[in-house]
Structures are given as structure tokens and as C-alpha cells.
Amino acid sequence: MNNPFFKDFKLPYDAVPFNKFKTEDFIPAIEKSIEIALDKIEVIVKNNDSPNFKNTILELETCSEELDYVMSVYWHLFGSESDKDLKELAEKISPMGSKFQNDILLNSDLFKKIKFVYNNKKNEELDKEDLRLIEVTYKNFIRNGADLNHTDKEKIRKIDERLSMLSPQFSNNVLNAQNKYELWIEEEKDLAGLPDSSINMAKEEAKQKGQSHKWLFTLQYPSMGPFLNYAKNRELRKELFLAYGGLCNNDEFNNNEIVKEIVQLKHKRANLLGFDTFADYVLEDRMAQNITNVYGLLDDLYDNCYEKAKEELNELKEYAKKLDGIENFKQWDQSYYSTKLKKEKFNIDPEMLRPYFKAENVINGIFKVANKMYGIEFEELNDVDTWHEEVKCYKVVNNDKSFVGLIYIDLHPRPTKRSGAWMNSIKDNGLYKGNIRRPHVQFTANLTRSTKDKPALLTFGEVETVFHEFGHCLHGLLSDCKYSTIGNTNVEWDFVELPSQIMENWVSEKEALSLFAHHFETNETIPEALIQKIKDSKNFGAATMYLRQLVFGYIDMAWHTNTDIVEDVEKFESKVLEKTRLLDKVDNVAISSHFGHIFGGGYAAGYYSYKWAEVLEADAFESFKENGIFDKNTSLSFRENILSKGNLENPMELYKKFKGREPKVDALLKRDGLI
């Protein structure tokens with residue numbers, strides 16, 4: 001077959017030949033890969049020998065290697081670098097993938113063999129990883145309808161097929177709505193308050209559209225964030241705030257009908273599998289275990305932060321009144337006056353820190369931190385393909401030069417890239433073509449770009465984002481498992497944010513900052529006084545930030561526990577958020593309509609996991625603080641017990657092996673100044 005997906009281009013480290021793929025290659029490659037995989041399934045099913053680990057579970061684990069590869073490349077490009085034509089393929093590719101999955105998971109003859117192996121596993125000589133793979137495989141089939149009758153299986157198929165189309169539609173609508181909005185500024189007076197970095201970026205954006213005498217602001221965070229933080233023009237702040245808040249809410253790219261349909265379908269699917277709600281279904285396979293425990297965490301944090309958040313807001317209101325005579329404080333005033341008050345109180349704001357966080361230095365910094373912690377080294381490669389000229393690829397090795405994997409880094413916004421920041425595994429660690437393969441991972445972000453006058457200088461928050469996503473990458477890179485299904489980041493969802501969120505702690509530590517926070521012009525190391533200001537101001541507005549995260553958690557849980565028909569998305573959301581509201585509701589604003597995490601990604605009934613994992617990481621970081629943030633033994637224990645183990649054991653057991661006990665919430669509340 002003359003298709004690049006089936007050729008060996010002999011790139012170093014078996015790197016993906018991104019430059020060789022064309023849009024028209026994907027569908028034929030997927031069709032052929034599905035055919036290959038189904039032929040292998042047929043061999044398993046038709047085998048007359050007694051089912052065992054090798055002829056059933058192992059054959060199943062490796063049956064879709066070709067398809068996994070093509071799908072991995074496609075979905076990676078869908079988020080990171082795709083034009084209209086490549087994006088539109090999702091409406092065909094997603095249902096193809098869903099049908100294939102169901103052809104396997106709902107295959108009664110195949111499931112009988114898996115069930116036999118599961119029930120007789122003690123009769124074979126198997127190691128810990130083999131046994132875990134049997135357990136996870138069996139549970140995956142059960143949770144996806146393998147034990148249902150024929151009629152209900154067909155209902156599951158139809159639901160999954162429809163969901164596979166709705167999710168990409170939701171994501172495409174958000175991206176298209178975001179790309180369409182433009183805030184053009186023609187008069188210099190409307191730029192008052194904005195830092196030079198923001199003004200220069202807006203000038204560059206305008207030039208690219210052939211309007212060199214104007215300034216262009218967009219809904220990409222590096223453009224929108226500083227505008228809401230600094231722009232003196234209140235009406236323009238309001239316009240930008242409303243544009244973002246109203247994305248896909250009864251506009252040209254309306255997502256509300258999609259939201260309602262996704263939710264209803266997920267509940268129906270859960271009901272077929274014997275669960276009352278989709279949240280019940282999801283949480284049965286999470287550390288949290290059930291809805292009660294999730295609401296227990298959210299409500300506990302709410303009780304600890306709501307009154308404090310109210311106090312923080314009242315202080316802002318008083319400040320805005322004193323400074324500018326603002327009587328009717330609104331949501332688009334919050335970031336602006338918060339930034340001003342923080343600067344007044346602590347003599348610090350994001351722009352003061354930018355000169356010390358040149359993007360290249362920050363990347364070198366995470367490499368140095370990883371080297372000091374885990375003894376791994378990074379070398380840039382120039383002889384492999386990437387999906388865009390801005391993307392850099394690095395070879396990762398241990399100190400003994402043994403190969404760890406590849407990491408691709410893609411930092412800045414483009415119209416062809418969805419918003420936000422994320423990590424993907426392009427090639428998982430695990431058995432592939434008869435050998436244990438090392439992983440290829442990437443992280444994509446949308447951070448501040450360079451301008452004509454200055455290199456890309458990041459805010460402190462953006463540096464935290466880099467460390468966060470790099471933590472996910474370490475989880476993928478340092479996986480040391482025999483099978484990809486139970487390795488890498490394929491862990492319970494409320495455990496997956498532990499390796500990422502814990503890395504953010506190093507950004508506030510002098511010992512780590514001194515490795516990379518150097519002034520881009522003078523090379524001066526970030527002054528200790530400035531590091532102290534970062535620490536002193538760290539908990540400014542902490543309760544408000546807690547409440548913001550709880551807002552997302554409550555919306556998510558509401559959608560996935562409510563079984564009544566929702567008529568109006570905005571009204572439903574508004575009612576859910578009544579108890580969290582500190583300011584008047586703004587009309588035509590609905591988070592749900594563009595909440596990509598839960599309707600376009602995998603966080604449905606799982607957004608709480610950010611806070612769940614924060615409890616884990618704050619507790620875990622205490623060990624690093626006690627022993628030294630670069631202590632080899634603590635790092636080795638974290639690598640061995642958390643990062644390398646994937647889903648080989650129950651995550652709580654892995655955590656206890658690292659910490660010596662179950663996590664406590666106190667470390668988080670104490671660190672964030674709530675107790």
C-alpha cells in the first residue's frame with residue numbers, strides 16, 4: 001500500500017515522519033489499519049486452543065498497533081496543527097474509531113475468552129504486569145457493555161457513534177468562534193494602562209492582517225489576559241470579557257444543543273450499564289469512588305474559601321471605589337483591580353517578572369530541574385520531522401546514556417491550534433512489534449510570542465503552565481511498563497494531575513529559579529527580593545481562585561448528576577452557581593457552552609480531579625520541602641513509585657509507597673493560606 005503510514009522512513013529514534021503525511025492519507029490508512037486489526041481479532045476468536053494470557057490478552061493488546069499509530073498522529077494534529085480540511089476529517093474519523101472500539105468491546109465471542117482467562121488466571125504462571133493487564137482488560141470490557149444483551153449492545157453502539165461526532169463538533173465550534181472574534185483598536189488612547197509587551201504583540205497581530213496602523217486583540221490568552229489585567233478602558237474590557245464569556249452561547253457557533261445532547265446520551269449510556277447517572281459510572285473507576293466523596297471535597301473547600309473570597313472581593317470593591325470612583329463593580333473589573341491592588345500591596349505584577357522568563361531559558365530551566373531530580377539529559381534534534389517550524393524536538397537519555405524517549409515542545413498560539421495547554425503521548429511506552437518501545441511525548445501551549453523588539457517573555461503564570469505540562473511529559477517519558485494499556489499516563493483520572501501539578505511548586509523555589517530565571521538583557525539572576533515578593537504575594541486572591549476552580553467543578557458535576565431534561569443551558573448553569581456567586585450574573589455568559597474540558601475532552605464528571613490532585617501534590621511536596629527540593633532519594637522514590645508505574649497498582653497504594661501514608665488535605669489549605 002502506497003501510504004506513508006505504512007512506510008519506514010528510517011528517521012532517528014523511529015520518530016514520526018510528520019512532513020510526509022497529507023490530509024488524504026488518513027482515511028485510507030485508518031481503513032487499512034482497522035482491517036488488519038479485525039483480522040487479528042478474528043484469529044483470537046477462531047483459535048480452538050484453550051484461552052490463555054498469551055493467545056488472548058497479549059494478542060488483543062497488540063492487535064491494533066497500526067491503527068493506534070494513525071489515530072495518535074491524527075488526533076495530535078487535530079489539536080496542534082490542522083487546517084479546515086484536516087479538522088473536518090474528524091467527523092468521519094471519530095465515528096470510525098468509535099465503531100472499531102465497539103466491534104471489539106461488544107464482541108461476545110471475544111469477551112467469553114477474556115472472561116475465561118480472567119477467571120482462570122491463577123492457573124497460569126504470570127508476573128504482576130501480566131495479571132494487571134488481565135484485570136484492566138476485563139474491567140474495560142465490562143464497563144463498555146460486553147456483558148449486556150444484544151439489544152442493549154446495539155443501543156451502546158448508536159450512543160457511542162453519535163458522541164464520537166458531537167465532541168469534535170463542540171471543539172471545532174469553540175476554535176472557530178475564538179478565531180473569528182477580533183477587537184480592533186484605532187486610537188492610541190484606548191491602549192492606556194497596557195504594558196509594552198501587550199501593545200507590541202497587538203501591533204504585530206494587526207500587521208499580519210495588513211493593518212499596520214491599528215492594534216488587534218484576540219481571545220487567545222496571551223492577548224486577552226493582559227488586556228483584562230491592565231486596560232484602563234472599562235468598556236473595552238467589558239467587550240472582551242463578554243466576547244469570551246459568551247463563546248458558542250446562542251451565537252453563530254452555538255454549542256448549547258450539542259451540550260444538552262452529549263449529556264443526555266452519556267446518562268443513557270450509564271443507565272444501560274447499570275448506573276443511575278454518568279457521574280456514578282465515571283467515579284466507580286476513580287480514586288474518589290463516588291459522587292458523595294466528590295461533593296465532600298468540593299463542599300469542604302467551598303466552606304474554607306467562600307467567606308474569604310467575599311472578603312477579597314469587598315477589598316477590591318473598596319479599592320476600585322477609592323481609586324476610580326467605581327460604584328457598580330463588575331466581573332470585567334476583577335482582574336484589572338486585582339492586578340493593581342496586588343502591585344500596590346506587594347510591589348509586584350506579572351510584567352515585572354517577564355524579563356526573567358525568556359521562553360528558551362524557561363525550557364532550559366525545566367530540563368535542568370529534571371536533570372537534578374531524575375538524572376535525565378536533553379539534546380535538541382535537528383534531523384527529525386515536526387508538525388510546524390516552531391516545534392522543537394529533544395532526545396531524552398538517562399545519565400548512563402540509555403534512551404528514555406523523545407519530547408516535542410510547541411509553545412505559541414496559531415489559528416490552526418486549539419487554545420489552552422496540554423500534553424499528548426504520540427507513542428506510548430510498552431510492547432510494540434515484539435519489543436518494549438520507549439515513549440514519544442509532546443506538550444503544546446499558547447504562550448506569549450516574541451515581537452519585533454523582544455524575545456518571547458513569559459508571565460509567572462505561563463512559567464507555571466510550562467512546568468505543569470512538563471510534569472505530564474515526565475509521567476509519560478519515565479513510564480517503565482511492559483504494556484502501554486497499563487503504563488504511561490493511563491492512570492485513574494484523579495491521579496493523572498499529581499505529576500503535573502506537583503511540578504508547579506518548583507517555580508516558586510529560589511534553588512530552582514536560580515537555574516534559569518536570568519534577565520534577558522543583562523543575564524542577571526532574578527533578585528532574591530523579587531523571589532520573596534513572589535512568595536509573599538502567592539496567596540493574594542487565593543480564595544477567589546479556589547472559588548473559580550470550584551465553579552468549574554460544580555458545573556461539571558451538575559451536568560453529569562442531573563437526569564432531568566435541561567431546556568436552557570445558561571439558566572441551568574446559573575442556578576447551579578448561585579451559591580458561588582459573588583457578583584451579579586452577567587447575561588449571555590455561559591461557561592458550559594465552551595467548556596472544552598468536559599464536552600470536548602475527557603474531564604466529564606472529572607473536573608474535580610484538579611482539586612483532588614492538588615491535595616495529593618501539596619501533601620507530596622511537603623516531603624520534597626523537608627528533604628530538599630532536589631533530594632535524590634525523594635526524587636528517586638517519586639520516580640519509582642509514581643512516575644514509572646503507570647496503572648500497575650491502585651493509585652492510593654502507589655501514593656502510600658511514596659509518602660508512607662494516605663494524603664491529608666491540611667498541607668494544601670495551609671500552603672494556600674486558608675487555614
Side-chain angles (χ1 to χ4, degrees), residues 197 342-343 346-380 392 394 396 398-399 407 409 411 443 445 447-448 450 454-471 473-474 477-478 499-540 617-618 620-639 643 671-672:
S197 59
K342 185 176 182 179
K343 185 170 185 182
F346 302 99
N347 192 22
I348 191 171
D349 81 1
E351 293 304 307
M352 289 169 66
L353 299 172
R354 274 193 200 269
Y356 297 97
F357 294 132
K358 184 180 169 185
E360 292 84 348
N361 292 352
V362 173
I363 297 303
N364 287 332
I366 55 175
F367 291 167
K368 287 175 183 174
V369 168
N371 176 257
K372 285 176 81 74
M373 291 177 72
Y374 303 118
I376 52 178
E377 298 167 11
F378 299 78
E379 177 195 331
E380 187 174 350
K392 294 188 185 303
Y394 300 85
V396 188
N398 288 306
N399 279 345
I407 180 171
I409 295 179
L411 294 181
F443 87 73
L447 308 177
T448 301
S450 59
K454 285 181 180 170
L457 301 175
L458 308 184
T459 64
F460 185 77
E462 288 179 316
V463 179
E464 287 183 315
T465 295
V466 170
F467 272 68
H468 178 105
E469 297 307 331
F470 188 72
C473 290
L474 287 173
L477 282 169
L478 300 180
S500 55
Q501 290 186 180
I502 196 170
M503 288 307 298
E504 294 180 35
N505 290 285
W506 273 260
V507 186
S508 303
E509 297 294 325
K510 175 190 167 189
E511 218 179 326
L513 284 169
S514 64
L515 297 173
F516 67 92
H518 307 297
H519 197 284
F520 79 102
E521 288 173 322
T522 65
N523 206 35
E524 172 205 12
T525 301
I526 189 168
E528 273 196 51
L530 206 44
I531 296 174
Q532 193 55 49
K533 284 177 184 177
I534 292 172
K535 291 195 166 200
D536 291 344
S537 63
K538 189 86 172 144
N539 289 336
F540 176 79
E617 61 87 359
F621 188 63
E622 291 278 289
S623 296
F624 283 99
K625 289 283 282 181
E626 287 161 16
N627 302 322
I629 64 166
F630 293 121
D631 178 67
K632 291 290 183 204
N633 290 332
T634 312
S635 299
L636 181 65
S637 175
F638 196 76
R639 177 174 180 169
L643 299 178
R671 182 186 73 188
D672 294 347

Ile366 CD1 to Asn364 CG distance, which is reported to the nearest 0.5 Å: 9.0 Å

Ser197 side, atom OG; Glu351 side, atom CD - distance, nearest 0.5 Å: 3.5 Å

Minimum heavy-atom distance Leu458-Thr448, with the two atoms named: CD2-O, 4.0 Å

Closest approach of Ile629 to Met373 (non-hydrogen atoms, all atoms of both residues): O-CG, 4.2 Å

Residues in side-chain contact (heavy atoms from CB on, under 4.5 Å) contact with Asn398, at least two apart in sequence or another chain: Ile376, Asp400, Ser402, Val404, Arg639

NZ-OG distance between Lys535 and Ser508, expressed to the nearest 0.5 angstrom: 7.0 Å

Set of residues satisfying ring-ring contact (aromatic ring centres under 6.0 Å, His included) with respect to His468, sequence neighbours excluded: His472

Contacts of type salt bridge (charged side-chain N to carboxylate O under 4.0 Å, His left out), residue Glu379, not counting sequence neighbours: Lys395

Residues forming a side-chain contact (heavy atoms from CB on, under 4.5 Å) with Thr634, sequence neighbours excluded: Ser623, Phe624, Asn627, Asp631, Phe658

For Glu617, side-chain hydrogen bond (donor to acceptor under 3.5 Å, both in side chains) partners two or more places apart: Asn505, Arg671

Minimum-distance pair of heavy atoms, taken over all atoms of Ser514 and Thr525: CA-CG2, 4.0 Å

Residue list, side-chain contact (heavy atoms from CB on, under 4.5 Å) with Glu626, at least two apart or on another chain: Glu622

Short side-chain to backbone donor-acceptor contact, Trp506 and Val369, under 3.5 Å: no

Under the side-chain contact (heavy atoms from CB on, under 4.5 Å) test, residues paired with Lys510 that sit two or more places apart: Glu528, Ile531

ring-ring contact (aromatic ring centres under 6.0 Å, His included) against Phe467, all qualifying residues, sequence neighbours excluded: Phe516

Nearest atoms (heavy-atom pairs only) where Phe470 meets Ala370: CE2-CB, 3.8 Å

Residues which pass side-chain hydrogen bond (donor to acceptor under 3.5 Å, both in side chains) with Ser537, listed by chain and number, not counting sequence neighbours: none

From Leu457 atom CG to Phe357 atom CZ, the distance as rounded to the nearest 0.5 Å: 11.0 Å

Centroid separation Tyr394 to Phe367 less than 6.0 Å: yes

From CA spacing to verdict: side-chain hydrogen bond (donor to acceptor under 3.5 Å, both in side chains), Glu469, Ser500: CA-CA 6 Å; Glu469 297 307 331; Ser500 55; over 6 Å; no

Backbone of Leu515 reached by a side-chain donor or acceptor of Lys368 within 3.5 Å: yes

Distance (rounded to the nearest 0.5 Å) between Glu511 CD and Leu513 CG: 10.5 Å

Salt bridge (Lys or Arg N to Asp or Glu O under 4.0 Å) contacts touching residues 369-378 (sequence neighbours left out): Glu377-Lys401

Under 3.5 Å: donor-acceptor pair, side chain of Asp349, backbone of Met352: yes

Rounded distance (nearest 0.5 Å) linking atom CZ of Phe443 with atom CG of Leu411: 5.5 Å

Partner residues of Gln532 under the side-chain hydrogen bond (donor to acceptor under 3.5 Å, both in side chains) criterion, sequence neighbours left out: Asp536

Non-neighbouring partners of Ser635 that pass side-chain hydrogen bond (donor to acceptor under 3.5 Å, both in side chains), sequence neighbours left out: none

Heavy-atom side-chain contact between Tyr374 and Leu643 under 4.5 Å: yes

Salt bridge (Lys or Arg N to Asp or Glu O under 4.0 Å) between Glu464 and Lys538, worked out: CA-CA 12 Å; Glu464 287 183 315; Lys538 189 86 172 144; 2.7 Å; yes

